[in-house]
Every structure is written in structure tokens, then in C-alpha cells.
Chemist: 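So that we are looking at the same thing, I have put the structure below in C-alpha cells.
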Amino acid sequence: ESSILTFLVGVVMTFVWMNYGVMVDDSTIQTVNAIGLMLQSIYVCCFYSITSRKLQTGKKIFLTVLFLLMVGTYIMTQEDKTAAQLNIGWLGASMSVAYCSAPLASIQEVCRSRSTKSLPFYLILVTCVVTGLWTLYGHIIEDSFVSVPNCLGFLASSFQLGLFSYFPSPDRKSVV
């Protein structure tokens, strides 16, 4: 009953950031996102192997691969490398903010039920730590495409963590 979209967005996001790392010649961004791309791809393969909805899932995977090919072709054929770096930076930054903020879609349910049962605590906690570290790294290398979206992701995940204190879930009281 789960959706593959989270993993597919992860594949696209890590692919975009890995290529951004290549464009700005930053081995840290390249390495972290190459590993992330491999892991996300493994998750997609595992998901596909166990899903009962192979046709629908296969179509989504196909469209994702098509999008990756389009992005890769754009990067390789762009003569103005500065413009390509800017566009890929914006794409990566936009995807990072959307990815980190996705659990915010459950806010209405959290407020209505006065419970954080619908929020993935550990995912939000790890997102908070990781985006905090990337924000710091972005400041160190003075790259606003790295620091700004991760700062926004850090703020969004910090807000979500605050909800666990404000609306504790009965089965999670010992976690927070």
C-alpha cells in the first residue's frame, strides 16, 4: 500500500545533486549523492520486486528514467556551463525543499487528531540532523544552493519535531 514516489524522488534528487557536485567540482557533494543514488536505486528495485502493482510501478520508474535522461542530456549538451550549473542548482534546491517538507502534508491530520501518530519520527529526526549538517557545509563552501534549501529543510524538520512535544502520540511518549 506504500507509494514508490518517495524513492523515485530520492533517485532524481540524488542524481541532480551528484551532477551539481560534478559541475561545481565538489567531491563531497559528488560522493554523498552517488552513494545516495545507489541506495535509492536499490530501494526502487526492492520495491518493484515486492509490489503487486508492477504495471503502475513500472510506468513510474520508466517516467523517472526518462526524466533522468532528459536532465543528463541537458547537462551534457548545454554550451553555457554557468547557466546549466545555475539551472541544476535551482532544480536540486527546489527538490530538496520539497523532499524535506513532504511530511508537512500530514499537519492537518496532526492538528485534527492532536496526535503525531501519522508522522515518521525517525525520518524527521534524521532529516533534521542531515539538513543541519548540509546547511553548515553549504556555509563553509559558500554555496547558497546547498545552504539555503537545507536550512529550510532544517527549519521544517525542526518544526515537525516540535510537534512531537506539542502533540505526543500515545504509543510514542517514550521516544520523545
Chemist: Nearest 0.5 Å please: distance from the OH atom of Y43 over to the SG atom of C45.
Modeler: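 Result: 12.5 Å between the selected atoms.
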
Chemist: Would you check, one step at a time, whether the test side-chain contact (heavy atoms from CB on, under 4.5 Å) holds for T82 with L86?
Modeler: CA-CA 6 Å; T82 303; L86 183 69; 5.7 Å; no

Chemist: Can you spot which of T64, L63, V65, T57 makes a side-chain contact (heavy atoms from CB on, under 4.5 Å) with L8?
Modeler: T64

Chemist: At what distance, to the nearest 0.5 angstrom, does CZ of F121 lie from OG1 of T116?
Modeler: 9.0 Å

Chemist: Indicate if Y122 and L133 have the same hydrophobic cluster label, given that clusters are the connected sets of ILVMFWY residues with side-chain heavy-atom separations under 4.5 angstrom.
Modeler: no

Chemist: Is there side-chain contact between Y20 and D143, with heavy atoms separated by less than 4.5 Å?
Modeler: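 Touching, per the 4.5 Å side-chain cut-off.
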
Chemist: So do W17 and V146 actually touch side chain to side chain, heavy atoms under 4.5 Å?
Modeler: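 The answer is yes; the side chains approach within 4.5 Å.
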
Chemist: Identify the two heavy atoms, one from M95 and one from V9, that lie closest to each other, and give their separation to 0.1 Å.
Modeler: CE-O, 3.9 Å

Chemist: What residues, two or more places apart in sequence or in another chain, satisfy side-chain hydrogen bond (donor to acceptor under 3.5 Å, both in side chains) together with D26?
Modeler: Y137

Chemist: Would you say L136 and V97 are hydrophobically clustered, going by side-chain heavy atoms of ILVMFWY under 4.5 Å?
Modeler: no

Chemist: Treating S147 as the side-chain partner and H139 as the backbone partner, does any N or O pair qualify as donor plus acceptor under 3.5 Å?
Modeler: no

Chemist: Taking side chain as C-beta onward, heavy atoms only, is T51 less than 4.5 Å from I4?
Modeler: no

Chemist: Are side-chain heavy atoms of V71 and I88 found at a separation under 4.5 Å?
Modeler: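 The answer is yes; the side chains approach within 4.5 Å.
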
Chemist: Do other residues, nucleotides or ligands put more than 12 heavy atoms under 6.0 Å from the NZ atom of K54?
Modeler: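 Check passes, neighbour count above 12.
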
Chemist: Is it the case that the side chain of Q85 and the backbone of K81 share a donor-acceptor pair, with hydrogens and angles ignored and the cut-off at 3.5 Å?
Modeler: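 Between the backbone of K81 and the side chain of Q85 there is no qualifying donor-acceptor contact (under 3.5 Å).
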
Chemist: Measuring from L163:CG to S158:OG, what's the distance to the nearest 0.5 Å?
Modeler: 11.0 Å

Chemist: Can you tell me how far CE of M23 sits from CG of N87, rounded to the nearest 0.5 angstrom?
Modeler: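 Answer for the CG-CE pair, N87 versus M23, is 8.5 Å.
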
Chemist: Same cluster for M13 and L69 if Ile/Leu/Val/Met/Phe/Trp/Tyr side chains link at under 4.5 Å?
Modeler: yes

Chemist: Taking a hydrophobic cluster as the set of Ile, Leu, Val, Met, Phe, Trp and Tyr residues connected by side-chain heavy atoms closer than 4.5 Å, whether directly or through intermediates, do L37 and V32 fall within one such cluster?
Modeler: yes

Chemist: W134 and S96: side-chain donor and acceptor closer than 3.5 Å?
Modeler: no

Chemist: Which residue pairs pass the ring pair (Phe, Tyr, Trp, His ring centres under 6.0 Å) test with at least one member in residues 54-93, sequence neighbours excluded?
Modeler: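 Those involving residues 54-93 are W90-F145.
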
Chemist: T14 side chain to V11 main-chain N or O, any donor-acceptor pair under 3.5 Å?
Modeler: yes

Chemist: Drop me the distance from Q40's CD to I42's CD1, to the nearest 0.5 angstrom.
Modeler: 10.0 Å

Chemist: Does atom CG of D25 have more than 12 heavy-atom neighbours from other groups under 6.0 Å away?
Modeler: no

Chemist: With sequence neighbours excluded, tell me which residues meet ring-ring contact (aromatic ring centres under 6.0 Å, His included) with Y99.
Modeler: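 With sequence neighbours excluded, Y99 shows a ring-ring contact (aromatic ring centres under 6.0 Å, His included) to no residue whatsoever.
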
Chemist: May I ask whether I35 and F15 are part of the same hydrophobic cluster, defined by side-chain heavy atoms of I, L, V, M, F, W, Y residues being less than 4.5 angstrom apart, directly or through others?
Modeler: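 Linked within one cluster.
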
Chemist: Taking all atoms of both residues into account, what is the closest heavy-atom pair of S157 and T131, and its distance?
Modeler: OG-OG1, 3.9 Å

Chemist: Output the distance between atom SG (C128) and atom CG (L123), rounded to the nearest 0.5 Å.
Modeler: 11.5 Å

Chemist: Give the minimum heavy-atom separation between I124 and Q160, together with the two atoms involved.
Modeler: CD1-OE1, 3.4 Å

